[in-house]
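In this text, all values refer to a predicted model and were calculated from it rather than measured experimentally.
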Amino acid sequence: MKLQVIDHPLVTHKLTVLRDENTPSPVFRQLVEELIMLLAYESTRNVSITPKAINTPVAPMTAAKLSKPRPIVVPILRAGLGMLEGMTRLMPTAEVGFLGLKRDEETLEAITYANRLPDDLTDRQCFVLDPMLATGHTLIAAIDYLIERGAKDVTAICILAAPEGLKTLEEHIGDRGDVKIIVAAVDDHLNEKGFIVPGLGDAGDRLYGVVD
């Protein structure tokens, strides 16, 4: 597993506003989209391309385009949906699948409640979107699903990560697959409820409001 923390002034600035408890949901949603575009730029640096012969207005040339099978973007419902627009703006030809995972508040384990992904992901490059890598259980469940179905490599894009979650994820993944984690920051620790500290709160609630 490879971890990359994106150290960029614009990332830092947008993250600061996201953390502020006084930032309203409309601004929060807009900033998440902008931030994910910055993270996605780095996360797609090694996306597969193939040569393509084209004619410019001046001369023929050999250029490049995204390889097939196309990359697949997998937002983790529901908070991952807030990251989808930023990702697809950067890579509009990618396919999109969905995984619905929620955390059991007592055990902190991930429970799958929705799945809209192909059974065969052989040789696919997969990009998982989940704002918070806290305990790591949600990403473990998602990455396991993708690798078991033949994904070529998996990149998880998160806004924040906790050291405990990164450790758990690394111990679980081991050498089973080519897995990269792209984050805007690694925070201090998890609290007793499994929330990242200092964090930014519940990303889903701040994106879409509280659902009882």
Side-chain angles (χ1 to χ4, degrees), residues 1-20 23 26-52 54 61-77 79-99 117 121 123-133 138-139 142-143 146 151-162 165-166 169-170 173 177-187 196 199-200 203-204 206-207:
M1 187 185 89
K2 300 176 182 176
L3 170 67
Q4 183 177 2
V5 181
I6 306 302
D7 182 16
H8 190 286
L10 287 178
V11 171
T12 302
H13 168 75
K14 294 178 190 299
L15 183 55
T16 297
V17 183
L18 285 177
R19 291 185 189 274
D20 191 333
T23 299
V27 176
F28 193 92
R29 287 194 294 269
Q30 180 63 36
L31 284 171
V32 167
E33 180 181 329
E34 295 172 1
L35 180 57
I36 297 313
M37 289 184 70
L38 294 172
L39 300 183
Y41 180 80
E42 276 301 320
S43 71
T44 55
R45 183 174 293 278
N46 295 317
V47 70
S48 297
I49 57 174
T50 55
K52 177 178 173 61
I54 63 170
M61 67 169 290
T62 300
K65 65 174 185 177
L66 291 183
S67 301
K68 291 184 178 180
R70 290 179 291 168
I72 186 166
V73 177
V74 185
I76 304 300
L77 304 178
L81 283 177
M83 306 168 70
L84 181 59
E85 183 68 18
M87 189 71 185
T88 54
R89 278 180 179 270
L90 194 71
M91 197 165 52
T93 59
E95 294 184 1
V96 178
F98 298 92
L99 271 178
L117 283 168
L121 294 168
D123 294 331
R124 301 293 291 269
Q125 288 183 294
C126 300
F127 295 87
V128 181
L129 308 180
D130 194 11
M132 314 297 279
L133 199 174
T138 298
L139 272 183
I143 292 170
L146 300 173
K152 177 181 178 181
D153 60 65
V154 179
T155 299
I157 304 173
C158 306
I159 296 173
L160 294 178
L166 288 169
L169 185 60
E170 185 169 26
I173 297 299
D178 183 4
V179 176
K180 295 177 285 294
I181 310 296
I182 308 292
V183 300
V186 177
D187 273 9
I196 298 175
L200 49 76
R206 296 197 65 189
L207 280 162

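- In this structure, L139 CG and M1 CE are separated by 9.5 Å, a value rounded to the nearest 0.5 Å.
- At a threshold of 4.5 Å between non-hydrogen side-chain atoms, the residues Q4 and I181 do not count as touching.
- Side chains of V32 and I159 form a contact here, defined as non-hydrogen atoms less than 4.5 Å apart.
- A donor-acceptor pair is defined here as one N or O able to donate and one able to accept, closer than 3.5 Å; no such pair exists between the side chain of R19 and the backbone of K14.
- No side-chain heavy atom of F127 sits less than 4.5 Å from a side-chain heavy atom of V96.
- For A79 against L207, the heavy-atom pair with the smallest separation is O-CD1, 3.5 Å.
- Rounding to the nearest 0.5 angstrom, the gap separating the CD atom in E34 from the CE atom in M37 is 8.5 Å.
- Between L146 and C126, the shortest heavy-atom contact is CD1-CB, 3.9 Å.
- In this structure the side chain of I49 never reaches within 4.5 angstrom of the side chain of K65, judged on heavy atoms.
- Remark: D20 engages N22, T23 in a side-chain contact (heavy atoms from CB on, under 4.5 Å) (not counting sequence neighbours).
- The closest side-chain heavy-atom distance from V74 to L117 is below 4.5 Å.
- Shortest non-hydrogen contact noted between A151 and V154 is CB-CG2, 4.1 Å.
- Here the side chain of Q125 pairs no donor or acceptor atom with the backbone of I72 at under 3.5 angstrom.
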Run the numbers on H13 and V11 for side-chain contact (heavy atoms from CB on, under 4.5 Å), then give the verdict. CA-CA 6 Å; H13 168 75; V11 171; over 6 Å; no
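- Of all heavy-atom pairs between P71 and R124, the closest is O-NH2, 4.1 Å.
- If you take OG on S67 and CG on D123, they are separated by 11.0 Å, rounding to the nearest 0.5 Å.
- To the nearest 0.5 Å, the span separating CG on L66 from OG1 on T50 amounts to 8.0 Å.
- Legend: salt bridge (Lys or Arg N to Asp or Glu O under 4.0 Å) pairs involving residues 67-76, not counting sequence neighbours, sorted by first then second residue: R70-E95.
- The minimum heavy-atom distance between L18 and L200, with the atom names listed, is O-CB, 3.9 Å.
- Contact check on E85 versus R89 returns a salt bridge, with a Lys/Arg side-chain nitrogen under 4.0 Å from an Asp/Glu carboxylate oxygen.
- Between I6 and Y41, the closest side-chain pair of non-hydrogen atoms is not below 4.5 Å.
- Between L99 atom CG and I76 atom CD1 the span is 5.0 Å, to the nearest 0.5 Å.
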Just do the side-chain contact (heavy atoms from CB on, under 4.5 Å) check on V128 and T155 with the steps written out, would you? CA-CA 6 Å; V128 181; T155 299; over 6 Å; no
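- Between the side chain of D187 and the backbone N or O of G199 there is at least one donor-acceptor pair closer than 3.5 Å.
- Within the 4.5 Å cutoff, side-chain heavy atoms of L15 are placed close to those of L160.
- Residues meeting the side-chain hydrogen bond (donor to acceptor under 3.5 Å, both in side chains) test with K180, sequence neighbours left out: none.
- Side-chain contact between C158 and M132 is absent, with no heavy atoms from C-beta onward closer than 4.5 Å.
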Test side-chain contact (heavy atoms from CB on, under 4.5 Å) on F98 and L81; report intermediate values, then the result. CA-CA 9 Å; F98 298 92; L81 283 177; 3.6 Å; yes
Report the C-alpha separation of K2 and V179 in whole Å, then their side-chain angles, then the decisive distance to 0.1 Å, and conclude whether the side-chain contact (heavy atoms from CB on, under 4.5 Å) test is met. CA-CA 6 Å; K2 300 176 182 176; V179 176; over 6 Å; no
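- To the nearest 0.5 Å, atom OG1 of residue T44 and atom CD1 of residue I157 are 7.5 Å apart.
- Across every non-hydrogen atom of S43 and I182, the tightest pair is CB-CG1, 3.8 Å.
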